[in-house]
Amino acid sequence: MSFCKEQAAISRVMAFLQDWDQGSKAVRSRMLSDFINQHSGKTGPELELEFAQAASLFLARLTSWLRLTYLTGTYLDQQLQDIGVFLSAASNHHFLIEFLEVGGVLTLLEILGQKQSREEIQVETLKLLQTVANAGRKYKELICESYGVRIIAECLALSKTEESQDQARFLLESLAHGNPKYQNQMYKGLIALLPCTSPKAQQLALQTLRIAQVIVKTAHPSIVEPLLNLLRSLHLEVQYEAIELIRELMQYEVRPALLKGLVALLKPSREGINKPQILNVPVMQKLNESLPVFVQQAAAAKAIGILARESPEFMEELINLRVVHHLLCAMGNQDHADSQREASLALEYFVRIFPVVEEHVKKAMGESLFELFLDNSEVLYMKMDVIQADILASNKINIAGVHEVSE
(Lines give C-alpha, C1' and ligand atoms only; values in the text may rest on other atoms or scores of the structure.)
Protein backbone atom coordinates (compact mmCIF):
# COMPACT_ATOMS: atom_id res chain seq x y z
CA MET A 1 0.00 0.00 0.00
CA SER A 2 1.41 3.41 -0.97
CA PHE A 3 2.00 6.05 1.65
CA CYS A 4 -0.87 8.20 0.36
CA LYS A 5 -3.32 5.29 0.38
CA GLU A 6 -2.14 4.28 3.83
CA GLN A 7 -2.72 7.78 5.17
CA ALA A 8 -6.16 7.90 3.55
CA ALA A 9 -7.07 4.56 5.17
CA ILE A 10 -5.87 5.76 8.57
CA SER A 11 -7.87 8.98 8.20
CA ARG A 12 -10.98 7.01 7.26
CA VAL A 13 -10.62 4.72 10.27
CA MET A 14 -10.01 7.62 12.64
CA ALA A 15 -13.13 9.34 11.30
CA PHE A 16 -15.10 6.10 11.79
CA LEU A 17 -13.92 5.77 15.39
CA GLN A 18 -14.66 9.45 16.06
CA ASP A 19 -18.19 9.01 14.72
CA TRP A 20 -18.58 6.08 17.11
CA ASP A 21 -17.21 7.99 20.11
CA GLN A 22 -19.42 11.02 19.48
CA GLY A 23 -22.44 9.24 18.07
CA SER A 24 -25.82 8.79 19.71
CA LYS A 25 -27.34 5.37 20.31
CA ALA A 26 -29.16 5.59 16.98
CA VAL A 27 -25.91 6.45 15.15
CA ARG A 28 -24.10 3.56 16.80
CA SER A 29 -26.93 1.20 15.88
CA ARG A 30 -26.57 2.21 12.22
CA MET A 31 -22.80 1.74 12.41
CA LEU A 32 -23.27 -1.70 13.94
CA SER A 33 -25.62 -2.74 11.14
CA ASP A 34 -23.27 -1.41 8.46
CA PHE A 35 -20.33 -3.26 10.02
CA ILE A 36 -22.19 -6.59 10.00
CA ASN A 37 -23.35 -6.13 6.40
CA GLN A 38 -19.92 -5.11 5.12
CA HIS A 39 -17.55 -7.33 7.09
CA SER A 40 -19.38 -10.54 8.03
CA GLY A 41 -17.35 -13.57 6.97
CA LYS A 42 -14.05 -11.73 6.56
CA THR A 43 -10.78 -13.11 7.89
CA GLY A 44 -8.67 -11.48 10.58
CA PRO A 45 -6.13 -10.08 8.09
CA GLU A 46 -8.96 -8.71 5.90
CA LEU A 47 -10.46 -6.90 8.90
CA GLU A 48 -7.08 -5.43 9.78
CA LEU A 49 -6.65 -4.25 6.22
CA GLU A 50 -10.07 -2.57 6.26
CA PHE A 51 -9.21 -0.83 9.54
CA ALA A 52 -5.60 0.08 8.63
CA GLN A 53 -4.23 -2.40 11.20
CA ALA A 54 -6.39 -0.80 13.90
CA ALA A 55 -9.35 -3.23 14.02
CA SER A 56 -8.58 -3.87 17.67
CA LEU A 57 -9.53 -0.27 18.47
CA PHE A 58 -13.09 -0.89 17.27
CA LEU A 59 -13.28 -4.27 19.04
CA ALA A 60 -12.21 -2.54 22.29
CA ARG A 61 -15.00 0.01 21.86
CA LEU A 62 -17.54 -2.75 21.20
CA THR A 63 -16.58 -4.72 24.30
CA SER A 64 -16.59 -1.56 26.45
CA TRP A 65 -20.06 -0.55 25.28
CA LEU A 66 -21.26 -4.11 25.81
CA ARG A 67 -20.08 -4.02 29.43
CA LEU A 68 -21.86 -0.70 29.99
CA THR A 69 -25.17 -1.53 28.35
CA TYR A 70 -25.85 -5.29 28.58
CA LEU A 71 -28.06 -4.87 31.66
CA THR A 72 -30.37 -2.52 29.75
CA GLY A 73 -30.27 -4.55 26.54
CA THR A 74 -29.48 -1.55 24.32
CA TYR A 75 -28.88 -2.92 20.79
CA LEU A 76 -27.49 -5.98 22.49
CA ASP A 77 -28.15 -8.36 19.61
CA GLN A 78 -26.27 -6.09 17.18
CA GLN A 79 -23.33 -5.73 19.55
CA LEU A 80 -23.04 -9.48 19.98
CA GLN A 81 -23.24 -10.05 16.22
CA ASP A 82 -20.49 -7.48 15.60
CA ILE A 83 -18.23 -9.07 18.22
CA GLY A 84 -19.00 -12.38 16.53
CA VAL A 85 -17.55 -11.04 13.27
CA PHE A 86 -14.21 -10.57 15.07
CA LEU A 87 -14.26 -13.83 17.05
CA SER A 88 -15.37 -16.05 14.15
CA ALA A 89 -12.90 -14.58 11.65
CA ALA A 90 -10.21 -16.94 10.39
CA SER A 91 -6.77 -16.16 11.88
CA ASN A 92 -8.54 -14.31 14.68
CA HIS A 93 -6.40 -15.35 17.63
CA HIS A 94 -5.34 -11.86 18.70
CA PHE A 95 -8.97 -10.68 18.58
CA LEU A 96 -9.98 -13.58 20.82
CA ILE A 97 -7.19 -12.85 23.30
CA GLU A 98 -8.12 -9.17 23.45
CA PHE A 99 -11.77 -10.06 24.06
CA LEU A 100 -10.90 -12.47 26.85
CA GLU A 101 -8.42 -10.10 28.51
CA VAL A 102 -11.19 -7.56 29.18
CA GLY A 103 -13.46 -10.21 30.76
CA GLY A 104 -15.40 -11.17 27.65
CA VAL A 105 -16.33 -14.66 28.85
CA LEU A 106 -17.64 -13.36 32.19
CA THR A 107 -19.70 -10.73 30.37
CA LEU A 108 -21.23 -13.33 28.05
CA LEU A 109 -22.08 -15.60 30.97
CA GLU A 110 -23.65 -12.68 32.86
CA ILE A 111 -25.80 -11.91 29.81
CA LEU A 112 -26.81 -15.56 29.55
CA GLY A 113 -27.70 -15.63 33.24
CA GLN A 114 -30.04 -12.63 33.00
CA LYS A 115 -33.60 -13.90 33.37
CA GLN A 116 -34.91 -11.01 31.30
CA SER A 117 -32.65 -11.80 28.31
CA ARG A 118 -34.62 -12.40 25.13
CA GLU A 119 -34.28 -15.75 23.41
CA GLU A 120 -32.50 -14.25 20.39
CA ILE A 121 -29.96 -12.65 22.75
CA GLN A 122 -29.38 -16.03 24.38
CA VAL A 123 -28.77 -17.61 20.97
CA GLU A 124 -26.18 -15.00 19.97
CA THR A 125 -24.47 -15.27 23.36
CA LEU A 126 -24.30 -19.06 23.15
CA LYS A 127 -22.83 -18.83 19.65
CA LEU A 128 -20.05 -16.56 20.92
CA LEU A 129 -19.31 -18.90 23.82
CA GLN A 130 -19.23 -21.78 21.32
CA THR A 131 -16.67 -19.86 19.27
CA VAL A 132 -14.54 -19.37 22.39
CA ALA A 133 -14.83 -23.07 23.30
CA ASN A 134 -13.85 -24.12 19.78
CA ALA A 135 -10.52 -22.31 20.21
CA GLY A 136 -9.14 -25.08 22.40
CA ARG A 137 -8.88 -26.77 25.77
CA LYS A 138 -7.69 -23.79 27.84
CA TYR A 139 -10.64 -21.73 26.60
CA LYS A 140 -13.09 -24.48 27.56
CA GLU A 141 -11.47 -24.52 30.99
CA LEU A 142 -11.91 -20.75 31.25
CA ILE A 143 -15.66 -21.09 30.61
CA CYS A 144 -15.93 -23.88 33.20
CA GLU A 145 -13.87 -21.94 35.77
CA SER A 146 -16.35 -19.09 35.42
CA TYR A 147 -19.29 -21.32 36.48
CA GLY A 148 -20.25 -21.60 32.84
CA VAL A 149 -21.58 -25.16 33.06
CA ARG A 150 -24.24 -24.20 35.62
CA ILE A 151 -25.29 -21.08 33.70
CA ILE A 152 -25.47 -22.86 30.34
CA ALA A 153 -27.39 -25.78 31.90
CA GLU A 154 -29.89 -23.36 33.47
CA CYS A 155 -30.30 -21.69 30.09
CA LEU A 156 -31.08 -25.06 28.51
CA ALA A 157 -33.60 -25.88 31.23
CA LEU A 158 -35.42 -22.52 31.15
CA SER A 159 -35.30 -21.58 27.46
CA LYS A 160 -38.60 -21.50 25.61
CA THR A 161 -37.35 -21.92 22.03
CA GLU A 162 -35.75 -24.96 20.42
CA GLU A 163 -33.03 -22.84 18.81
CA SER A 164 -31.65 -21.59 22.13
CA GLN A 165 -31.99 -25.07 23.68
CA ASP A 166 -30.14 -26.64 20.76
CA GLN A 167 -27.37 -24.04 20.97
CA ALA A 168 -27.00 -24.68 24.72
CA ARG A 169 -26.87 -28.43 24.12
CA PHE A 170 -24.18 -28.03 21.40
CA LEU A 171 -22.11 -25.89 23.75
CA LEU A 172 -22.38 -28.38 26.63
CA GLU A 173 -21.39 -31.21 24.30
CA SER A 174 -18.42 -29.18 23.09
CA LEU A 175 -17.30 -28.53 26.67
CA ALA A 176 -17.44 -32.26 27.37
CA HIS A 177 -14.91 -33.07 24.63
CA GLY A 178 -11.20 -32.50 25.16
CA ASN A 179 -11.72 -31.03 28.62
CA PRO A 180 -10.48 -33.68 31.11
CA LYS A 181 -10.10 -31.23 34.00
CA TYR A 182 -13.81 -30.42 34.02
CA GLN A 183 -15.40 -33.48 32.41
CA ASN A 184 -16.80 -34.72 35.73
CA GLN A 185 -18.26 -31.28 36.45
CA MET A 186 -19.88 -31.40 33.00
CA TYR A 187 -21.22 -34.89 33.66
CA LYS A 188 -22.77 -33.97 37.02
CA GLY A 189 -24.20 -30.78 35.53
CA LEU A 190 -26.03 -32.82 32.92
CA ILE A 191 -27.40 -35.17 35.59
CA ALA A 192 -28.68 -32.12 37.49
CA LEU A 193 -30.66 -31.17 34.36
CA LEU A 194 -32.72 -34.37 34.29
CA PRO A 195 -35.37 -33.29 36.86
CA CYS A 196 -36.13 -30.02 35.01
CA THR A 197 -39.69 -29.47 33.75
CA SER A 198 -38.94 -28.97 30.05
CA PRO A 199 -39.35 -32.20 28.02
CA LYS A 200 -37.13 -30.81 25.25
CA ALA A 201 -34.39 -29.96 27.77
CA GLN A 202 -34.68 -33.43 29.28
CA GLN A 203 -34.34 -35.02 25.84
CA LEU A 204 -31.27 -32.93 24.97
CA ALA A 205 -29.69 -33.54 28.38
CA LEU A 206 -30.12 -37.30 27.93
CA GLN A 207 -28.61 -37.20 24.45
CA THR A 208 -25.61 -35.24 25.72
CA LEU A 209 -25.25 -37.54 28.73
CA ARG A 210 -24.94 -40.52 26.40
CA ILE A 211 -21.98 -38.79 24.75
CA ALA A 212 -20.45 -37.62 28.03
CA GLN A 213 -20.81 -41.09 29.56
CA VAL A 214 -18.38 -42.53 27.02
CA ILE A 215 -15.91 -39.73 27.76
CA VAL A 216 -16.12 -39.98 31.56
CA LYS A 217 -15.89 -43.82 31.48
CA THR A 218 -17.57 -44.18 34.87
CA ALA A 219 -21.15 -43.75 36.05
CA HIS A 220 -22.02 -41.73 39.13
CA PRO A 221 -24.64 -43.32 41.43
CA SER A 222 -26.62 -40.06 41.44
CA ILE A 223 -27.73 -40.75 37.87
CA VAL A 224 -29.97 -43.69 38.83
CA GLU A 225 -32.93 -41.97 40.53
CA PRO A 226 -33.47 -39.05 38.12
CA LEU A 227 -33.03 -41.36 35.14
CA LEU A 228 -35.67 -43.81 36.36
CA ASN A 229 -37.98 -40.89 37.19
CA LEU A 230 -37.87 -39.82 33.53
CA LEU A 231 -39.73 -43.02 32.66
CA ARG A 232 -42.79 -41.18 34.02
CA SER A 233 -42.62 -38.72 31.13
CA LEU A 234 -45.64 -38.60 28.85
CA HIS A 235 -43.28 -37.59 26.02
CA LEU A 236 -42.16 -40.65 24.07
CA GLU A 237 -38.96 -38.96 22.88
CA VAL A 238 -37.88 -38.51 26.51
CA GLN A 239 -38.75 -42.12 27.37
CA TYR A 240 -36.81 -43.33 24.33
CA GLU A 241 -33.64 -41.42 25.29
CA ALA A 242 -33.95 -42.56 28.92
CA ILE A 243 -34.22 -46.22 27.92
CA GLU A 244 -31.29 -45.86 25.50
CA LEU A 245 -29.14 -44.42 28.28
CA ILE A 246 -30.21 -47.22 30.63
CA ARG A 247 -29.10 -49.73 27.99
CA GLU A 248 -25.69 -48.09 27.72
CA LEU A 249 -25.29 -47.91 31.50
CA MET A 250 -25.55 -51.69 31.72
CA GLN A 251 -21.80 -51.75 31.11
CA TYR A 252 -21.09 -49.62 34.19
CA GLU A 253 -21.12 -50.07 37.94
CA VAL A 254 -24.66 -48.69 38.32
CA ARG A 255 -26.17 -51.74 36.57
CA PRO A 256 -27.36 -53.50 39.77
CA ALA A 257 -29.05 -50.35 41.02
CA LEU A 258 -30.75 -49.72 37.67
CA LEU A 259 -32.01 -53.29 37.35
CA LYS A 260 -33.29 -53.28 40.92
CA GLY A 261 -35.01 -49.94 40.31
CA LEU A 262 -36.65 -51.10 37.08
CA VAL A 263 -38.05 -54.22 38.75
CA ALA A 264 -39.39 -52.17 41.68
CA LEU A 265 -41.23 -49.83 39.28
CA LEU A 266 -43.31 -52.77 38.03
CA LYS A 267 -45.05 -52.87 41.38
CA PRO A 268 -45.71 -49.24 42.45
CA SER A 269 -46.15 -48.46 46.12
CA ARG A 270 -49.70 -47.85 47.29
CA GLU A 271 -48.83 -44.22 48.00
CA GLY A 272 -48.34 -43.60 44.28
CA ILE A 273 -51.67 -45.10 43.27
CA ASN A 274 -54.98 -43.38 43.91
CA LYS A 275 -57.83 -45.84 43.90
CA PRO A 276 -61.14 -44.29 42.83
CA GLN A 277 -63.93 -44.46 45.40
CA ILE A 278 -67.60 -43.69 44.84
CA LEU A 279 -67.95 -41.26 47.74
CA ASN A 280 -64.53 -39.71 47.33
CA VAL A 281 -62.85 -37.81 44.50
CA PRO A 282 -64.25 -38.49 40.99
CA VAL A 283 -62.92 -41.60 39.26
CA MET A 284 -61.25 -39.81 36.33
CA GLN A 285 -59.40 -37.41 38.62
CA LYS A 286 -58.03 -40.30 40.66
CA LEU A 287 -56.89 -42.16 37.55
CA ASN A 288 -55.26 -39.03 36.12
CA GLU A 289 -53.31 -38.55 39.35
CA SER A 290 -52.04 -42.13 39.07
CA LEU A 291 -51.20 -41.88 35.36
CA PRO A 292 -47.48 -40.95 35.74
CA VAL A 293 -46.95 -43.98 37.98
CA PHE A 294 -48.61 -46.28 35.46
CA VAL A 295 -46.70 -44.72 32.55
CA GLN A 296 -43.50 -45.36 34.49
CA GLN A 297 -44.59 -48.94 35.14
CA ALA A 298 -45.18 -49.54 31.43
CA ALA A 299 -41.86 -47.92 30.46
CA ALA A 300 -40.01 -50.04 33.03
CA ALA A 301 -41.58 -53.20 31.59
CA LYS A 302 -40.56 -52.08 28.10
CA ALA A 303 -36.99 -51.40 29.24
CA ILE A 304 -36.79 -54.82 30.91
CA GLY A 305 -37.98 -56.48 27.71
CA ILE A 306 -35.29 -54.68 25.71
CA LEU A 307 -32.56 -55.57 28.20
CA ALA A 308 -33.67 -59.20 28.35
CA ARG A 309 -33.24 -59.55 24.60
CA GLU A 310 -29.71 -58.16 24.80
CA SER A 311 -28.13 -60.54 27.30
CA PRO A 312 -28.92 -63.81 29.12
CA GLU A 313 -26.77 -62.46 31.93
CA PHE A 314 -29.15 -59.53 32.40
CA MET A 315 -32.07 -61.97 32.39
CA GLU A 316 -30.59 -64.08 35.19
CA GLU A 317 -29.93 -60.99 37.30
CA LEU A 318 -33.50 -59.83 36.73
CA ILE A 319 -34.96 -63.23 37.63
CA ASN A 320 -33.00 -63.19 40.88
CA LEU A 321 -34.63 -59.80 41.55
CA ARG A 322 -38.08 -61.51 41.20
CA VAL A 323 -38.84 -59.87 37.86
CA VAL A 324 -41.28 -62.66 36.95
CA HIS A 325 -43.39 -61.95 40.03
CA HIS A 326 -43.32 -58.22 39.29
CA LEU A 327 -44.15 -58.60 35.59
CA LEU A 328 -47.20 -60.70 36.46
CA CYS A 329 -48.28 -57.98 38.91
CA ALA A 330 -48.03 -55.39 36.14
CA MET A 331 -50.03 -57.66 33.82
CA GLY A 332 -52.79 -57.59 36.43
CA ASN A 333 -53.03 -53.77 36.39
CA GLN A 334 -56.36 -53.28 34.65
CA ASP A 335 -56.15 -49.51 35.15
CA HIS A 336 -53.43 -49.20 32.48
CA ALA A 337 -53.52 -51.36 29.36
CA ASP A 338 -50.05 -50.31 28.21
CA SER A 339 -48.53 -51.67 31.42
CA GLN A 340 -50.30 -54.98 30.84
CA ARG A 341 -49.15 -55.17 27.22
CA GLU A 342 -45.48 -54.27 27.82
CA ALA A 343 -45.23 -56.58 30.84
CA SER A 344 -46.78 -59.43 28.87
CA LEU A 345 -44.35 -58.97 25.97
CA ALA A 346 -41.37 -58.90 28.33
CA LEU A 347 -42.54 -61.94 30.29
CA GLU A 348 -43.05 -63.97 27.11
CA TYR A 349 -39.35 -63.74 26.34
CA PHE A 350 -38.41 -65.01 29.80
CA VAL A 351 -40.90 -67.87 29.43
CA ARG A 352 -39.51 -68.96 26.05
CA ILE A 353 -35.88 -68.83 27.22
CA PHE A 354 -36.10 -70.40 30.69
CA PRO A 355 -38.16 -73.61 31.17
CA VAL A 356 -38.31 -73.04 34.93
CA VAL A 357 -39.93 -69.65 34.31
CA GLU A 358 -42.39 -71.26 31.92
CA GLU A 359 -43.33 -73.82 34.58
CA HIS A 360 -43.97 -71.22 37.28
CA VAL A 361 -45.88 -68.84 35.01
CA LYS A 362 -48.08 -71.64 33.67
CA LYS A 363 -48.94 -72.64 37.21
CA ALA A 364 -49.75 -69.04 38.19
CA MET A 365 -51.89 -68.32 35.13
CA GLY A 366 -53.72 -71.56 34.75
CA GLU A 367 -53.87 -73.72 31.64
CA SER A 368 -56.35 -71.74 29.54
CA LEU A 369 -54.90 -68.28 30.20
CA PHE A 370 -51.37 -69.58 29.63
CA GLU A 371 -52.35 -70.91 26.20
CA LEU A 372 -53.77 -67.51 25.28
CA PHE A 373 -50.55 -65.93 26.55
CA LEU A 374 -48.35 -68.09 24.34
CA ASP A 375 -50.65 -67.61 21.38
CA ASN A 376 -50.46 -63.78 21.43
CA SER A 377 -49.01 -62.13 24.50
CA GLU A 378 -49.48 -58.63 23.11
CA VAL A 379 -53.28 -58.78 23.22
CA LEU A 380 -53.65 -61.02 26.28
CA TYR A 381 -54.83 -58.07 28.41
CA MET A 382 -57.91 -57.77 26.17
CA LYS A 383 -58.91 -61.36 26.89
CA MET A 384 -58.47 -61.40 30.67
CA ASP A 385 -61.37 -61.03 33.05
CA VAL A 386 -61.23 -59.28 36.44
CA ILE A 387 -60.67 -62.51 38.38
CA GLN A 388 -57.73 -63.55 36.19
CA ALA A 389 -56.19 -60.08 36.50
CA ASP A 390 -56.51 -60.25 40.29
CA ILE A 391 -54.84 -63.67 40.33
CA LEU A 392 -51.87 -62.30 38.37
CA ALA A 393 -51.62 -59.19 40.54
CA SER A 394 -51.54 -61.27 43.72
CA ASN A 395 -49.13 -63.96 42.53
CA LYS A 396 -46.41 -65.25 44.91
CA ILE A 397 -43.84 -66.52 42.39
CA ASN A 398 -40.28 -66.64 43.69
CA ILE A 399 -37.79 -68.42 41.43
CA ALA A 400 -34.40 -69.43 42.83
CA GLY A 401 -31.11 -69.10 40.90
CA VAL A 402 -31.59 -69.89 37.20
CA HIS A 403 -29.10 -71.49 34.82
CA GLU A 404 -31.13 -73.75 32.52
CA VAL A 405 -31.86 -72.15 29.13
CA SER A 406 -34.16 -73.40 26.36
CA GLU A 407 -32.54 -73.99 22.97
Cation-pi between Arg28 and Tyr75: NZ/CZ under 6.0 Å from ring centre and within 45° of the ring axis?
no
Which is it for Phe350 and Val361 under the side chain to side chain contact (heavy atoms under 4.5 Å, CB included) test, yes or no, and what are the steps along the way?
CA-CA 10 Å; Phe350 284 90; Val361 171; over 6 Å; no
If we ignore angles and hydrogens, is there a donor and acceptor under 3.5 Å between the side chains of His325 and Asn395?
yes
Check against ring pair (Phe, Tyr, Trp, His ring centres under 6.0 Å), Phe95 and Phe58:
CA-CA 11 Å; Phe95 293 142; Phe58 184 48; over 10 Å; no
Of all the heavy-atom pairs spanning Ile397 and Arg322, show the shortest one and how long it is.
O-NH2, 2.6 Å
Any side-chain donor-acceptor pair under 3.5 Å between Gln207 and Glu241?
yes
So, are Lys160 and Glu119 salt-bridged, with charged N and O less than 4.0 Å apart?
no
Once the angle between the rings of Phe51 and Phe16 is folded into 0 to 90°, is it parallel (under 30°), tilted (30 to 60°) or perpendicular (over 60°)?
perpendicular
NZ (Lys260) with more than 12 external heavy atoms under 6.0 Å:
no
Counting only heavy atoms not in Lys188, do more than 12 fall under 6.0 Å of its NZ?
no
How long is the straight-line distance from CZ of Arg210 back to CD1 of Ile246, given to the nearest 0.5 Å?
11.5 Å
Using modelled atom types only, decide if a donor and an acceptor are shared between the side chain of Gln78 and the backbone of Leu32 within a distance under 3.5 Å.
no
Rounding to 0.5 Å, atoms CE (Met384) and CZ (Phe373) come to a distance of 10.5 Å
Examine the side chains of Asp77 and Gln81 and answer whether a donor and an acceptor come within less than 3.5 Å of each other.
no
Just verifying a value: how many Å separate Gln297 CD and Asp335 CG, rounded to the nearest 0.5 Å?
9.5 Å
Answer with yes or no whether the side chains of Ser164 and Glu120 bring together a donor and an acceptor at under 3.5 Å.
no
Interatomic distance, OG@Ser56 vs CG@Leu62, rounded to 0.5 Å, equals 11.5 Å
Would you say Thr63's side chain and Ala60's backbone share a donor-acceptor pair under 3.5 angstrom?
yes
Cationic N near anionic O, under 4.0 Å, Glu145 to Lys138
no
Above 12 or not: heavy atoms from other molecules or residues under 6.0 Å from NZ of Lys200?
yes
I would like to know whether Met331 and Met365 meet side chain to side chain contact (heavy atoms under 4.5 Å, CB included); could you show each step before the answer?
CA-CA 11 Å; Met331 288 173 64; Met365 286 187 177; 3.5 Å; yes
Would you check if Asn92 and Leu47 make a side-chain contact, meaning some heavy-atom pair closer than 4.5 Å?
no
Side chains of Tyr70 and Ile121 in contact at under 4.5 Å (non-hydrogen atoms)
no
Are more than 12 heavy atoms from other residues, nucleotides or ligands located less than 6.0 Å from atom CG of Leu68?
yes
Which residues share a side-chain hydrogen bond (donor to acceptor under 3.5 Å, both in side chains) with Gln340, sequence neighbours left out:
none
Any sub-3.5 Å donor-acceptor pair from Arg309's side-chain atoms to Gly305's backbone N or O?
yes
Close side-chain approach of Phe86 to Glu98, heavy-atom, < 4.5 Å
no
4.5 Å side-chain heavy-atom contact, Gln334 and Tyr381
no
Looking at CZ of Arg30 and CZ of Phe35, how far apart are the two atoms once the value is rounded to the nearest 0.5 Å?
14.5 Å
Should Arg341 and Asp338 count as an ion pair when the cut-off is N to O under 4.0 Å?
yes
Run the numbers on Ile10 and Gln7 for side chain to side chain contact (heavy atoms under 4.5 Å, CB included), then give the verdict.
CA-CA 5 Å; Ile10 292 173; Gln7 289 300 308; 4.2 Å; yes
Would you say the side chain of Leu321 lies within less than 4.5 Å of the side chain of Leu262, judging by non-hydrogen atoms?
no
Heavy-atom count check: over 12 atoms from other residues, nucleotides or ligands less than 6.0 Å from Glu237 CD?
yes
Compare all side-chain heavy atoms of Asn333 with those of His336 and state whether any distance is below 4.5 angstrom.
yes
Donor + acceptor pair across side chains of Ser198, Gln165 (<3.5 Å)
yes
Does any part of the side chain of Leu380, heavy atoms only, come nearer than 4.5 Å to the side chain of Asn376, both counted from C-beta?
no
Where do Asn134 and Gln130 land on the side chain to side chain donor-acceptor pair (under 3.5 Å) test, with the steps shown first?
CA-CA 6 Å; Asn134 289 344; Gln130 181 72 69; 3.0 Å; yes
Does Ile191 reach the side chain of Pro226, with side-chain heavy atoms less than 4.5 Å apart?
yes
For Glu46, does its backbone N or O pair with a side-chain atom of Thr43 as donor and acceptor, under 3.5 Å?
yes
Side chains of Gln122 and Ser117: donor-acceptor distance under 3.5 Å anywhere?
no
Would you please indicate if the ring centroids of Tyr182 and Tyr187 are separated by under 6.0 Å?
no
Looking only at side chains, do Gln202 and Ser233 share a donor and an acceptor under 3.5 Å apart?
no
Looking only at the side chains, is there a donor atom on one of Thr218 and Glu253 sitting less than 3.5 Å from an acceptor on the other?
yes
Is it true that a side-chain atom of Ser40 and a backbone atom of Asn37 form a donor plus acceptor pair closer than 3.5 Å?
no
Rounding to 0.5 Å, atoms CD (Gln213) and CG (Leu206) come to a distance of 12.0 Å
Please find the pair of heavy atoms, one from Ser344 and one from Ser377, that lie closest to each other, and give the distance.
OG-O, 2.7 Å
Glu358 with Lys362: basic N within carboxylate O range, under 4.0 Å:
no
